[in-house]
Amino acid sequence: MQAEIVIVGAGPAGCATALSLCQLDPALAGRTLVLERARHPRPKLCAGGCVADVDNCLRRLGLDLSNQPHVPVSTMQFLYGDRGFAFQPDPVSLRVVRRAQFDAWLADAVRGRGIALREQTRVEGISRDPGSAH
């Protein structure tokens, strides 16, 4: 496949970039390729905490996180040695998602917008076509 835009990595940043570009210009969907070395859902060691701004960003991309499995965090506790404090944000400003499912949901949204996503594809090098205009 020839692609004008190649995004390496189909995590939240890569998927959001692809979705944002296609939102700016829907014609880019057919000229964009997202490459992912693993296969979704893929295991992730990092946590799945999503602050309130994540909802806003996803909404601007036409996605609704509230439809995905999550746990709202209603109380936060900060500990410093033997001291600490707890507070309850109003409204709830943090959700915890299962990262593997969250990332797979975003990858499905990319495919749903007509953007090519190739999984199990390792990038081993990048070179520029000397005949390209950019």
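For clarity, every value in this text was computed on a predicted model and none was experimentally measured.
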**Request:** For the residue pair H40 and D103, establish whether any side-chain heavy-atom pair is separated by less than 4.5 Å.
**Result:** yes

**Request:** Would you check if Q68 and R98 make a side-chain contact, meaning some heavy-atom pair closer than 4.5 Å?
**Result:** no

**Request:** May I ask you to test the V6-V123 pair for a side-chain heavy-atom distance under 4.5 Å?
**Result:** no

**Item:** Any W105 side-chain heavy atom under 4.5 Å of N67 side chain
**Value:** no

**Request:** Identify whether L79 and F87 are in the same connected component of the hydrophobic contact network (ILVMFWY, side-chain heavy atoms under 4.5 Å).
**Result:** no

**Step-by-step side-chain contact (heavy atoms from CB on, under 4.5 Å) determination, L19 to L63** = CA-CA 10 Å; L19 293 167; L63 301 172; 3.9 Å; yes

**Complete:** Shortest non-hydrogen pair, V34 vs G9, comes out as CG1-O, 3.8 Å

**L61 side chain reached by S20 side chain, heavy atoms, under 4.5 Å** = yes

**Item:** Note: E119-R111 ion pair, threshold 4.0 Å (strictly below)
**Value:** yes

**Asked** Is a side-chain N or O of Q77 found less than 3.5 angstrom from the main chain of A86, in a donor-acceptor match?
**Response** no

**Residue pairs involving residues 12-33 (criterion salt bridge (charged side-chain N to carboxylate O under 4.0 Å, His left out); sequence neighbours excluded)** = E4-R31

**Request:** Determine, step by step, whether V73 and V96 satisfy the side-chain contact (heavy atoms from CB on, under 4.5 Å) criterion, reporting the C-alpha distance in whole Å, the side-chain angles of both residues, the deciding distance to 0.1 Å, and the verdict.
**Result:** CA-CA 7 Å; V73 175; V96 178; 3.7 Å; yes

**Prompt:** Side chains of L21 and I5: does their closest heavy-atom pair fall under 4.5 Å?
**Reply:** yes

**Request:** For R118, check salt bridge (Lys or Arg N to Asp or Glu O under 4.0 Å) against everything at least two apart and list the hits.
**Result:** none

**Asked** Any idea which heavy atoms bring C15 and A10 closest together, and the distance?
**Response** SG-O, 3.4 Å

**Over all atoms of both residues, closest heavy-atom pair of P12 and L106** = CA-CD1, 3.7 Å

**Prompt:** Hey, does H70 have a side-chain heavy atom less than 4.5 Å from the side chain of L65?
**Reply:** no

**Request:** Using the side-chain contact (heavy atoms from CB on, under 4.5 Å) rule, take R37 and T121 through it: C-alpha gap first, then chi angles, then the decisive distance, then the call.
**Result:** CA-CA 5 Å; R37 73 176 166 186; T121 303; over 6 Å; no

**Request:** Keeping to residues at least two apart or across chains, list the salt bridge (charged side-chain N to carboxylate O under 4.0 Å, His left out) pairs with something in residues 49-68.
**Result:** D55-R95

**Message:** Are the side chains of L28 and I115 in contact, using a 4.5 Å heavy-atom criterion?
**Reply:** no

**Request:** Indicate whether any N or O donor in one side chain lies under 3.5 Å from an N or O acceptor in the other, for Q88 and S74.
**Result:** no

**Request:** Examine F78 and V51 and state if one hydrophobic cluster contains both, with Ile, Leu, Val, Met, Phe, Trp and Tyr joined whenever side-chain heavy atoms are less than 4.5 Å apart.
**Result:** yes

**Asked** Which heavy atom of A100 sits nearest a heavy atom of P41, and at what distance?
**Response** O-CB, 3.6 Å

**Prompt:** Where is the tightest heavy-atom contact between Q23 and G62, given as atom of each residue plus distance?
**Reply:** NE2-N, 4.5 Å

